[in-house]
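Worksheet for the structure shown next.
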There are 2 protein chains.
Amino acid sequence: MAASYETASDEPSTATVDGVVTAVRDGIMAGRYAPGQRLPEADLVSLYQASRGAVRTALAQLESEGIVLRERNRGARVRPISLDEAVEITEARAVVEGLCAAKAAQRITTDERTRLRALGDELRTAVDGSDVMAYTRVNQEVHRAVRDISRHETAGIMLDRLRTQSVRYHYTVALLPGRPAVGMREHIEVIESVCSGDADRAEQTMRAHLMSVVDALQQLDANLHQW
Amino acid sequence: MAASYETASDEPSTATVDGVVTAVRDGIMAGRYAPGQRLPEADLVSLYQASRGAVRTALAQLESEGIVLRERNRGARVRPISLDEAVEITEARAVVEGLCAAKAAQRITTDERTRLRALGDELRTAVDGSDVMAYTRVNQEVHRAVRDISRHETAGIMLDRLRTQSVRYHYTVALLPGRPAVGMREHIEVIESVCSGDADRAEQTMRAHLMSVVDALQQLDANLHQW
DNA sequence: GGCAACTAGATTGTTAACAATCTTGGTTAC
DNA sequence: GTAACCAAGATTGTTAACAATCTAGTTGCC
């Protein structure tokens, strides 16, 4: 799970269509492919040693995932995401993850309670040590855990889609001064309310947390425009 | 919008990939293709006069939409939807359409207010006349209108996906005794709260409405198992 | 010098043939 | 009679060649 920190140049060997999809998606999410960058079929063919048909199918799938843009006879590009869209995506995540939190509160088991609280401790450690990388990672693990505990497949699939699109903004938000501390407090509240079994409160805290991410996004944008 | 009541046998002429997607999707939503039914590529080729490549791309897209199931070397089938899944889909719709209702309340214009209230009147007329077909149609138009007024693209795309999957259950719910009357009352409340500009109440009423659909679904299932 | 038309190269879209896999029906051995 | 096996047909997966479209650079004309 925590692999693929290496450069892109080491796993080109014969890929199938799923392989190409994964590779390009990861490349986009990791920032190796920049927004707007062209993705010529021929390049992907030689890069991943896949047939052109496979590359073509992969691009179609990435388009339907919303992270690649295709124009007839003009090829595929990495789809740029505007701030407005990032806000929309986060708003959508807020309500869907709110649903997950509510369901998780109703369905959580004893083992899952233990694991979730352990993640809370990890979060505290990361923030105390000012370890932004660890914070970002555990952050995602908390959201993932709540989603898994909720056992809501439909919501899970929707979140997969939304997360893929918004990841490029995530690590940026974590760099705002004071943001990790605020995010940690909110996550602890989410964890506690889910563990307590109070569905309404779990939904509220999760939504509040993500709406505060929306605020952070807009603040980030204001800062950018200031310069 | 309200077309395609005819049989499937009249528009086969040379279709592109989007044409095949639309045709098969409509066919599934209209019930012409039954859940679990096989969709051999050769059949679709001759039916819609499309190339096999186009059919193949179309099937891939339909799979990513979640309404078609494909197994390697075993072809495509119409994906069956269980009651549990229909409940999940409706729960997801509840929170996402709740978001739309809240945004719509904030962004609605005078013209849109007029149009939305007109839909409410149509709904009353349909229920008074016990016109189930009209009720179902206007019902969908109300949801569509709220979605459009919200101007929330991300939520709109998500709802497109969810609606495609759940439509097969919809008209069934409308047939429950007393259901149209209950649904109408709820819709009127949604319309009024959106028009009033109260975002919180708009979200509440929309969610309440769809949660009552969840109840209706489960009641429907109980009735089926009783026989 | 600037603009329009044209040509060559690059890139994507489409089709058809071939290869691999699965299903089905029958046959045979026990 | 049953179960394992085999072969033919049907169905899907893959590849390669061909066609259509776009882009950029060049040439010629005004």
Side-chain angles (χ1 to χ4, degrees), chain A residues 8-9 11-28 32-81, chain B residues 8-9 11-28 32-81:
Chain A
S9 57
E11 294 212 19
S13 51
T14 58
T16 157
V17 35
D18 284 335
V20 177
V21 169
T22 307
V24 175
R25 191 199 288 126
D26 288 353
I28 292 177
R32 244 176 292 131
Y33 293 110
Q37 180 174 338
R38 294 193 54 191
L39 299 170
E41 295 177 1
D43 291 9
L44 300 180
V45 165
S46 62
L47 229 176
Y48 302 113
Q49 303 289 338
S51 78
R52 229 191 96 197
V55 168
R56 191 152 247 281
T57 308
L59 286 175
Q61 187 171 332
L62 290 168
E63 181 184 30
S64 87
E65 286 183 21
I67 58 179
V68 155
L69 207 64
R70 288 175 93 191
E71 287 171 294
R72 187 183 176 83
N73 289 322
R74 297 189 54 182
R77 299 200 318 270
V78 177
R79 178 151 170 267
I81 292 192
Chain B
S9 58
E11 292 212 20
S13 53
T14 56
T16 158
V17 35
D18 285 334
V20 177
V21 169
T22 307
V24 175
R25 190 200 288 125
D26 288 352
I28 291 177
R32 242 177 293 131
Y33 293 111
Q37 181 174 336
R38 294 192 55 191
L39 299 170
E41 296 177 2
D43 291 8
L44 300 180
V45 165
S46 62
L47 229 174
Y48 302 114
Q49 303 289 337
S51 79
R52 230 192 74 174
V55 168
R56 192 152 247 278
T57 308
L59 286 174
Q61 187 171 331
L62 290 168
E63 181 184 29
S64 87
E65 285 184 20
I67 59 180
V68 154
L69 207 65
R70 288 174 93 192
E71 287 171 296
R72 186 183 177 83
N73 290 322
R74 298 188 55 181
R77 299 200 318 271
V78 178
R79 176 149 171 268
I81 292 193

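Numbered from 1 within each chain, the chains take letters A, B, ... in sequence-line order.
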Legend entry - Pairwise side-chain contact, A/Thr57 with A/Val20, heavy-atom cut-off 4.5 Å (strictly under): no
Inset, instruction - Would you mind reading off the distance between A/Gln49 atom CD and D/dT14 atom P, rounded to a whole angstrom? - result: 16 Å
Inset, instruction - Report which part of the nucleic acid B/Arg72 touches: base, sugar-phosphate, or nothing (heavy-atom distance under 4.0 Å, all strands). - result: sugar-phosphate
Inset, instruction - Test side-chain contact (heavy atoms from CB on, under 4.5 Å) on A/Leu39 and A/Asp43 and set out the steps. - result: CA-CA 7 Å; A/Leu39 299 170; A/Asp43 291 9; over 6 Å; no
Inset, instruction - Starting at atom CD of A/Glu63, determine the distance to atom P of C/dT12, rounded to an integer number of angstrom. - result: 13 Å
Legend entry - Nucleotide nearest A/Asn73 (side chain, heavy atoms from C-beta), chosen from D/dT12, D/dT15, C/dG13: C/dG13
Legend entry - Student check: side-chain heavy atoms of B/Val24 and B/Tyr48 closer than 4.5 Å: yes
Inset, instruction - State which of C/dG13, D/dT14, C/dT12 makes the closest approach to the side chain of A/Arg70. - result: C/dG13
Inset, instruction - Would you tell me if any nitrogen or oxygen in the side chain of A/Ser51 comes within less than 4.0 Å of OP1 or OP2 on D/dT15? - result: yes
Legend entry - Any donor-acceptor pair under 3.5 Å from B/Arg25 side chain to B/Leu62 backbone: no
Legend entry - Base of D/dG13 paired with side chain of B/Arg52 (donor-acceptor, under 3.5 Å): yes
Legend entry - Side-chain N or O of A/Arg74 closer than 4.0 Å to phosphate OP1/OP2 of D/dT23: yes
Legend entry - Rounded distance in Å - CZ (A/Arg77) to P (C/dT11): 16 Å
Legend entry - Euclidean distance, atom CD of residue B/Glu41 to atom P of C/dA16 [Å, nearest integer]: 15 Å
Inset, instruction - Give the rounded distance in Å between these two atoms: CD of A/Glu71 and C1' of C/dT11. - result: 14 Å
Inset, instruction - Round to the nearest Å and state the distance from B/Arg38 atom CZ to D/dT12 atom P. - result: 6 Å
